[in-house]
Amino acid sequence: MLEDLLVKGLLVALEKFGIFEEDVDILLEKPRDRSHGDLSTNLAMVLGKRLGRKPRELAGEIAAGVDFPKAIVESVEIAGPGFINFRLAHSFQVKLLLNLLDPDGALKDIRTGGNKRINVEFISANPTGPLNVVSARAGAFGMTLVRLLDAIGYDSHAEYYVNDAGRQVKMLGLSLRAHYLQLSGETVEFPEDGYHGRYLEIMAQELMEQDTSAIAKAATAFDDESFQRVQAPPGNAEDWRKLPEDESVRNFAKFALMKILSWQRETCRRFGLRFETWYFESELHESKRIERALDRLEKMGALYQEDGATWFRATDFGDEKDRVVVRAEGIPTYFLADIAYHYHKFQRGFERAIDFWGPDHHGYIQRMAGAMEALGVPKDWLEIQILQQVTFLEGGRPIKMSKRAGQFVTMDSLIDEVGADVAKYLFLTRKPNSHLDFDLDLAKAQSNENPVFKVKYAHARICKLIHRAAEEGIEIGDVTDESLGRLPDEVEWNLVGELIRLPQVIVSAANAREPHRLTGYVFDVASLFNQFYQRKDRKILKGDRDITVARLHLCLMTRHVLRVVLDLIGVDAPEVLEVKV
RNA sequence: GCGCCCGUAGCUCAGGUGGAUAGAGCAGCGGAUUUCUAAUCCGCAGGUCGCAGGUUCAAGUCCUGCCGGGCGUACCA
């Protein structure tokens, strides 16, 4: 590591001041302003007071005491209130750059996760309707984090939890059945808390036209293991209708669940989301995991009875009040199921679990953490990331979304109108815990207002340029340190300086769980590339052949970096971009 | 009331573990095109970083208190 080398050198220079490794934590950072060099340390200012010296003076003496190979550090300068700035030699930057292409290079060095398994759970929307647009942000974040964790050497696992048990599913069955009965001419009252979305009406309509075999056929669409339990009920809607009410509702619910999950899964697929596991709540009930979790909590002394209900002593674990886990009627709460689910996740052998939750669940964090602690799960095992709300604007006005009333923007319509790439990119330009205004008009406008196009454009430009070079008979060959060393201009070295940051950008984005650092970075890369590309009077393909090749090699490196980052955020990097008229 | 998030340019937002002159995109104004695709580039303008204290050699960043906005505060999920 370069930093280690510089730190070692600085420590040597510090010895004569009686300062040793254990006395000081030497920080090296990249200055905001490129004119301040490539790396900088505030060492002299930190030590100034302790040694009773003026920082600037001290910096001078430290700088005079360090001795680095010319092939690595080109210069050491003192600036400002006492910064020591290092400027890296071009040859060293080239070495770092080429290292990005090496399969055993920098991108392998950052794989420090030791293949430990991490579970990342996101979206986990209720299976009561099509995915709405709120899930899209979670999808973009979750999937990118999964890829980021893989990039730093973890074995990460995308998971989707399906609440296919309990009251809401019953309500779903009741709602669909009511629609069906209405369509068959019966006068029935629609359930008070029922789902009013039009999709259920349409589903009921289809059900009237479908016979037994069509329904069974639809069910076979689920071929993978996770979905084996999602099956159509036997018979057809007429059969279900004739059953006793309870059983009838169950059949309608089962059918609705199957349809809705197929929609949700297809929407995820369109958005580029791949879940290794769809975990069904119903399985927790069937496998008695809920009772077992309850038993274990009991054994740990974390429960008590009051007013006929069973309570979890959440206050013992920092929550503001105790929480019910089994209601007075004997029905487990959602909380208990969730405890059982997460405990099973722990038992499945994950080193760590990361959950993405909406802001409406933040009050839930403390009790969940408490429950895990009560069960004896290590304290930091479960990590909750809160994704703040998204406000969608259309015509400058926020769109009101209410599931009850059935008026909300679906994720599918977002993909249709804006495109998955644009949506993903825009979601990933904000940090997770800030509210996001998503201007649909702006996103729909396929124009320069859209930063994602700038990045795609840079990539397409490079592809075209390489293609053009081949047409003109320019032999590019492999990228070498010799050719890159010939780059003559500052814009080019600015670009090089940005490209070699790739590994640390990936590491910091992954560790901070902040994928938005990727979009910021890739935008800067595209921007610096365009600056390099746009210089008039210097066409890349014209002039000195060696320099042309050097510049084309820089283009190849840029393209490589763009592709790595775009892959991480799940955005396509096309070779050709249709020019807008 | 209590808890969490947010408050930075006209708008939307960046500002890794405190650092040098607070940045970008869009919108506005002025330039660059015999194009290696202008969805680009260059320049100008735009700020008491919500307010007030505090810690520090150094605060947009950390601490405290206010103000303003959002969300939550169920034997719902």
Side-chain angles (χ1 to χ4, degrees), chain A residues 25 27 29-33 35-36 40 42 45-46 48-49 54-55 79-83 85 126 128 163 166-168 193 281 306-311 320-321 323-329 331-335 337-338 358-366 386 388-389 391 393 396 426 429-431 433-439 442 446-458 460-462 464-469 471-472 504-505 507-509 511-512 514 516-517 519-520 523-524 526-527 529-536 539-542 548 552 555 576-580:
Chain A
D25 190 20
L27 287 182
E29 55 189 1
K30 184 194 168 236
R32 261 200 286 246
D33 188 335
S35 70
H36 293 142
S40 174
N42 59 357
M45 289 176 291
V46 174
K49 195 171 187 189
K54 286 184 185 155
F83 288 99
N85 297 334
N126 289 331
T128 53
N163 303 141
R167 209 182 69 95
Q168 59 177 354
D193 292 327
E281 183 188 349
E306 195 175 293
D307 300 334
T310 307
W311 297 72
E320 50 194 33
K321 52 185 289 194
R323 309 289 177 176
V324 171
V325 285
V326 182
R327 289 187 277 253
E329 320 90 87
I331 301 166
T333 58
Y334 172 88
F335 179 42
D338 221 7
D360 50 334
H361 283 71
H362 83 251
Y364 199 76
I365 296 176
Q366 198 58 53
I386 294 292
Q388 288 296 333
Q389 200 185 335
T391 305
L393 304 170
L426 291 179
T429 55
R430 305 285 179 263
K431 51 183 168 188
N433 60 358
S434 46
H435 301 244
L436 166 60
D437 279 354
F438 193 105
D439 189 330
L442 198 131
Q446 304 251 316
S447 74
N448 57 354
E449 293 169 25
N450 249 322
V452 59
F453 289 113
K454 178 162 163 166
V455 178
K456 289 183 176 235
Y457 189 64
R461 254 184 171 169
I462 294 171
K464 181 64 182 292
L465 195 55
I466 301 299
H467 188 70
R468 189 72 173 230
E471 279 177 357
E472 295 190 13
Q504 76 180 71
V505 169
V507 171
S508 83
N511 287 331
E514 289 190 352
H516 79 282
R517 296 185 192 188
T519 49
F523 185 84
D524 288 345
S527 197
F529 172 77
N530 281 328
Q531 282 172 39
F532 150 64
Y533 178 91
Q534 272 292 341
R535 298 154 316 158
K536 37 193 163 204
K539 299 244 162 165
I540 290 168
L541 297 179
K542 302 268 155 57
T548 292
L552 288 170
C555 290
V576 178
L577 208 56
E578 296 288 323
V579 176
K580 189 191 61 158

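Atom set for the values below is all heavy atoms of this structure, side chains included, hydrogens, waters and symmetry mates excluded. All chains are named by letter (A, B, ...) in the order of the sequence lines, taking the proteins before the strands, and each is independently numbered beginning at 1. Model, not experiment: these values are computed from the prediction.
With both ends at atom C1', the span from rG54(B) to rG43(B) equals 43 Å, rounded to whole Å. Taking atom C1' on both rG30(B) and rC71(B), the two are 45 Å apart, rounded to the nearest angstrom. With P as the reference atom, rG15(B) and rG7(B) are 10 Å apart, rounded to whole Å. On the C1' atoms, rG25(B) is 34 Å away from rC63(B), given to the nearest whole Å. Taking atom P on both nucleotides, rA9(B) is separated from rA22(B) by 14 Å, rounded to a whole Å. Using atom C1' as the reference point in both rA14(B) and rC6(B), the two lie 15 Å apart (nearest Å). Of the P atoms belonging to rA24(B) and rA32(B), the separation is 23 Å, rounded to the nearest Å. Here the separation of rC42(B) from rG10(B), taken at their C1' atoms, is 23 Å to the nearest Å.
Using the Watson-Crick or G-U wobble rule with both distances under 3.5 Å, rC66(B) pairs with rG50(B). rU34(B): no Watson-Crick or G-U partner with both key distances under 3.5 Å is found in any strand. With a 3.5 Å ceiling on both atom-pair distances, rU61(B) lacks any Watson-Crick or G-U wobble partner. The partner of rG18(B) cannot be assigned: no Watson-Crick or G-U wobble pair with both contacts below 3.5 Å exists in any strand. rG1(B) and rU73(B) make up a base pair, with Watson-Crick or G-U wobble contacts both under 3.5 Å. Nucleotide rA27(B) has no partner under the Watson-Crick or G-U criteria, as no pair reaches both atom distances under 3.5 Å. Under the Watson-Crick or G-U wobble criterion, with both distances below 3.5 Å, rU55(B) is left unpaired in every strand shown.
Remark on RNA chain B: of its neighbouring residues Asp360(A) and Lys30(A), the 5'-side contact belongs to Lys30(A), judged by nearest-heavy-atom nucleotide. Comparing Lys542(A) and Glu329(A) by the nucleotide of RNA chain B whose heavy atom lies nearest to each, the residue mapping closer to the 5' end is Lys542(A).
Side-chain N/O atoms of Arg535(A) include none lying less than 4.0 angstrom from OP1 or OP2 on rU40(B). In this structure, Tyr334(A) does not reach the rA77(B) phosphate: none of its side-chain N or O atoms is under 4.0 Å from OP1 or OP2. The shortest distance between the side-chain N/O atoms of Lys464(A) and the OP1/OP2 oxygens of rC36(B) is not below 4.0 Å. In terms of phosphate contacts, His516(A) brings a side-chain nitrogen or oxygen within less than 4.0 Å of OP1 or OP2 of rG15(B).
Counting only heavy atoms from C-beta on, Phe453(A) has its side chain closest to rA39(B) among rA39(B), rC36(B), rG16(B). Minimum atom distance to the side chain of Lys321(A) is reached by rA74(B), of the listed rG16(B), rA74(B), rA77(B). Among rC36(B), rC57(B), rA39(B), the nucleotide with an atom closest to any side-chain atom of Tyr457(A) is rA39(B). Among the nucleotides rU37(B), rC42(B), rC71(B), the one closest to any side-chain atom of Pro359(A) is rC71(B).
Contact annotation for Ala512(A): no contact, since no heavy-atom pair falls under 4.0 Å across all strands. Looking at heavy-atom distances under 4.0 Å, Gln389(A) makes contact with sugar-phosphate atoms alone, never a base. Contacts of Asp307(A) with the nucleic acid, taken as non-hydrogen atoms under 4.0 Å apart, include base atoms. Here Val325(A) lies out of heavy-atom contact (under 4.0 Å) with every strand. No contact: Ala337(A) has no heavy atom under 4.0 Å from any strand.
The shortest non-hydrogen separation linking Arg430(A) to His516(A) is O-CB, 3.4 Å. Taking both residues in full, the closest heavy atoms of Thr548(A) and Ile540(A) are given as OG1-O, 2.9 Å, listed atom of the first, atom of the second, then distance. Across Glu320(A) and Arg323(A), no two heavy atoms sit closer than the pair CG-NH2, 3.9 Å. Between Asn450(A) and Leu442(A), the closest heavy-atom pair is ND2-O, 3.6 Å.
Looking at heavy atoms from C-beta onward, Leu541(A) lies in side-chain contact with Leu552(A) at the 4.5 angstrom threshold. Proximity of Leu426(A) to Pro451(A): side-chain heavy atoms (C-beta onward) are separated by under 4.5 Å at one or more points. A heavy-atom distance below 4.5 Å is not found between the side chains of Arg167(A) and Ile331(A). Side chains of Ile365(A) and Ile386(A) form a contact here, defined as non-hydrogen atoms less than 4.5 Å apart.
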Exercise. Report, as a single string ordered 5' to 3', how protein heavy atoms within less than 4.0 Å touch nucleotides 18-26 of chain B: B base, S sugar-phosphate only, - not at all.
Key: -BB---SSS
Quiz item: How does each nucleotide of nucleotides 1-12 of chain B score, in 5' to 3' order, for protein heavy atoms under 4.0 Å: base (B), sugar-phosphate only (S), or none (-)?
Solution: --BBBS-----S
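Atom CD of Gln534(A) and atom C1' of rA39(B) are 12 Å apart (whole Å). Put simply, NZ on Lys456(A) is 19 Å from P on rU37(B), counting in whole angstrom units. Separating the CD1 atom of Ile466(A) from the P atom of rU37(B) is a distance of 12 Å, rounded to the nearest angstrom. Rounded to whole Å, the distance from NE2 on His361(A) to P on rC76(B) is 14 Å. Here rA77(B) presents its P atom at 9 Å from CD1 of Ile331(A), a figure rounded to the nearest Å. Rounded to whole angstrom, the span from the CZ atom of Arg323(A) across to the C1' atom of rG72(B) amounts to 11 Å. We find that CZ of Phe529(A) is positioned 11 Å from P of rU37(B), with the value rounded to whole Å. The nearest whole Å value for the distance from the CG atom in Asp193(A) to the P atom in rC76(B) is 12 Å.
With a 6.0 Å radius and a threshold of 12 heavy atoms from other residues, nucleotides or ligands, Lys54(A) has its NZ atom at or below the threshold.
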Practice problem: For side-chain contact (heavy atoms from CB on, under 4.5 Å), just list the numbers for Leu436(A) and Gln388(A), CA-CA rounded to whole Å, side-chain angles, deciding distance to a tenth of an Å, and then say yes or no. | Solution: CA-CA 7 Å; Leu436(A) 166 60; Gln388(A) 288 296 333; over 6 Å; no
Quiz item: So Lys454(A) and Asn530(A), side-chain contact (heavy atoms from CB on, under 4.5 Å) or not? Walk me through it.
Solution: CA-CA 9 Å; Lys454(A) 178 162 163 166; Asn530(A) 281 328; 4.0 Å; yes
Practice problem: Take Cys555(A) and Tyr533(A), measure what side-chain contact (heavy atoms from CB on, under 4.5 Å) needs, and give me the verdict at the end. | Solution: CA-CA 9 Å; Cys555(A) 290; Tyr533(A) 178 91; over 6 Å; no
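Aromatic ring orientation, Tyr334(A) versus Tyr364(A): tilted (interplanar angle from 30° to 60°).
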